[in-house]
Amino acid sequence: MPDFSWMAWTWQTAAFFALLAATLAGMTALALLRPEAPRRGILRFPTTRGDRLFVSLLGAAVIHVLWIGLGGEGVWPALGASVLFGAAMFRYA
Amino acid sequence: MKPRDDRAWLLVLPVFAVVLFSAVLPLMTVVNYSVQDSFGNNQFFWNGMGWFRELLDPTSELGGRFLAALGRNLVFSAVILAIEVPLGILVALCMPRGGWQLAVTMVVMALPLLVPWNVVGTIWQVFARADIGLFGAAVNGLGIDYNYAGNATAAWFTVIVMDVWHWTSLVALLCYAGLRAIPDAYYQAARIDGAGRWAVFRNIELPKLKRVLVIGVLLRFIDSFMIYTEPFVVTGGGPGNSTTFLSIDLVKLALGQFDLGKAAAMSLVYNLMTLLVCWVFFTAMTQLDAAREPTP
């Protein structure tokens, strides 16, 4: 087993990346098993599931930065808003 | 629309393995650093969102510094785009249509693009010097006080002229390719309608250049937003902090002060901005393509 201690892991960041990897793996499996057609929603251009995931993640990062920048306490409200945003993207984009 | 078969994407897995080592693992490390503090010796302490809070608070030392560098960088990008894009279009419109003149023009224009960044920096560092540089000495000879090492305006002027010298050719060559792709029929129709030069440019050439211009603006914006080597070699970010752009500040923070946590938080926010702009341009570009070739 190679030594990864130089990467300064914490369980929080490890959980974050594990979740991200699991999402990507899940989306890949879904794309293989259930090919889909791009559809046009509120973004007004055709999006696939992958596009919607990308927009959700990018939006989540922006929401967190804005929340912290505006002096919000804790990260849970930002996380909640990101989940809502992601759900809206998957439903309507 | 019919379902897409995305299975061919699995063929990029070998590339992903390479990128894993060159980008993904380093990026993960940066994320890990951004939530911790270190006093060296590979010992880290949990700091949560502390660095991000400090970075995004303009009243803190780190936040003020980040905001100032971001402001300078945005002004720099805006200025070079405002010069390079119109100038590039103008140069493309003036380029010969064929023959040996075209070959000579192409080679001369491609030259600055082939010079490595640090060499461009060195060329301009010497060229613009007030004492021995051809350009700097000539400007001073005209009676204008010009010294990029001591005067912020002169430093900005030098850095901008250098970027324009280095990259206008790219915009011009892109636009030239775009202009060549316009069928002659459009020009003939314009002649029949008695359109003037400006009307031809406004109604035919500019709309047809839209796509290459989006590519050109994207490339130049991202490149100038991440600029490091050229201003670093010429001004070192000075005088004072006047030409310290985001990358230069980031390197000072990470490798000069060895503040790994702060630098990691800064690079992640910086990266997010780049990613956002790239996504917007990429989407605009692919949508322009799709609008041009409607799929059944």
Side-chain angles (χ1 to χ4, degrees), chain A residues 2-18 20-21 24-25 27-40 43-51 54-76 78-79 93, chain B residues 1-7 9-10 13 16 24-38 42-59 63 66-67 260-261 264-265 268-269 271-273 275-276 278-280 282-284 286-288 290-291 295:
Chain A
D3 179 16
F4 283 110
S5 63
W6 59 271
M7 289 178 76
W9 282 104
T10 64
W11 70 262
Q12 290 92 336
T13 49
F16 169 73
F17 283 115
L20 202 59
L24 290 178
M27 293 291 282
T28 308
L30 203 59
L32 291 176
L33 298 174
R34 294 254 172 91
E36 46 145 5
R39 65 158 200 245
R40 198 181 289 265
L43 292 177
R44 294 199 319 209
F45 56 84
T47 55
T48 60
R49 278 191 294 253
D51 294 322
F54 186 75
V55 173
S56 303
L57 292 176
L58 206 58
V62 173
I63 288 169
H64 278 80
V65 164
L66 287 179
W67 173 254
I68 294 172
L70 295 174
E73 286 297 318
V75 288
W76 299 113
L79 189 67
Chain B
M1 281 179 258
K2 74 178 205 294
R4 293 157 49 121
D5 188 348
D6 282 329
R7 266 175 298 186
W9 281 106
L10 292 175
L13 278 179
F16 186 75
V24 178
L25 290 185
L27 191 65
M28 283 173 159
T29 312
V30 170
V31 172
N32 291 343
Y33 283 172
S34 73
V35 291
Q36 299 180 82
D37 195 3
S38 172
N42 236 358
Q43 288 195 313
F44 290 90
F45 307 90
W46 178 253
N47 190 28
M49 292 289 118
W51 296 132
F52 289 95
R53 248 175 248 292
E54 204 177 323
L55 181 78
L56 298 169
D57 174 11
T59 55
F66 175 63
L67 203 66
L260 295 181
L268 288 179
V269 175
N271 195 5
L272 177 65
M273 291 189 280
L275 204 58
L276 257 180
C278 278
W279 178 76
V280 168
F282 178 78
T283 308
T286 43
Q287 291 321 305
L288 278 177
T295 42

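These numbers come from a predicted model, not from an experiment. Hydrogens, waters and symmetry mates are skipped; everything else that's a heavy atom, side chains included, is used. Throughout, protein chains are lettered first and strands after them, A, B, ... in sequence-line order, and every chain is numbered starting at 1.
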State the [atom1]-[atom2] distance between [X] and [Y], to the nearest 0.5 angstrom.
| X | Y | atom1 | atom2 | value |
| --- | --- | --- | --- | --- |
| A:His64 | B:Met49 | NE2 | CE | 7.5 Å |
| A:Leu58 | B:Leu272 | CG | CG | 6.0 Å |
| A:Thr28 | B:Leu13 | OG1 | CG | 8.5 Å |
| A:Trp11 | B:Trp46 | CH2 | CH2 | 7.5 Å |

Contact check, side chains of [X] and [Y], non-hydrogen atoms, under 4.5 Å:
| X | Y | answer |
| --- | --- | --- |
| A:Val65 | B:Phe52 | no |
| B:Tyr33 | A:Met7 | no |
| A:Ile68 | B:Asp57 | no |
| B:Val31 | A:Phe17 | yes |

Check whether B:Arg53 reaches the backbone of A:Gly69 with its side chain - one donor and one acceptor, N or O, closer than 3.5 Å.
no
Checking the side chain of B:Gln36 only, and the main-chain atoms of A:Ala8 only, is there a donor and an acceptor separated by less than 3.5 Å?
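Yes, the answer is positive, given that a donor and an acceptor are paired below the 3.5 Å cut-off.
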Heavy-atom pairs under 4.5 Å with chain B are the metric here; pick the option from A:Val62, A:Val75, A:Leu43 that has the most.
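With the most close heavy-atom pairs to chain B, the winner is A:Val62.
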Shorter than 4.5 Å, heavy atoms on both sides: which option in B:Thr286, B:Thr283, B:Val35, B:Val30 has the most such pairs with chain A?
B:Thr283
Under 6.0 Å from the CH2 atom of A:Trp6, do we count more than 12 heavy atoms belonging to anything else shown?
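Yes, CH2 of A:Trp6 has more than 12 neighbouring heavy atoms, counting only those of other groups under 6.0 Å.
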Need one label for B:Leu10: side chain, backbone, both or neither, based on atoms under 4.5 Å from any heavy atom in chain A.
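Only the side chain of B:Leu10 comes within 4.5 Å of chain A.
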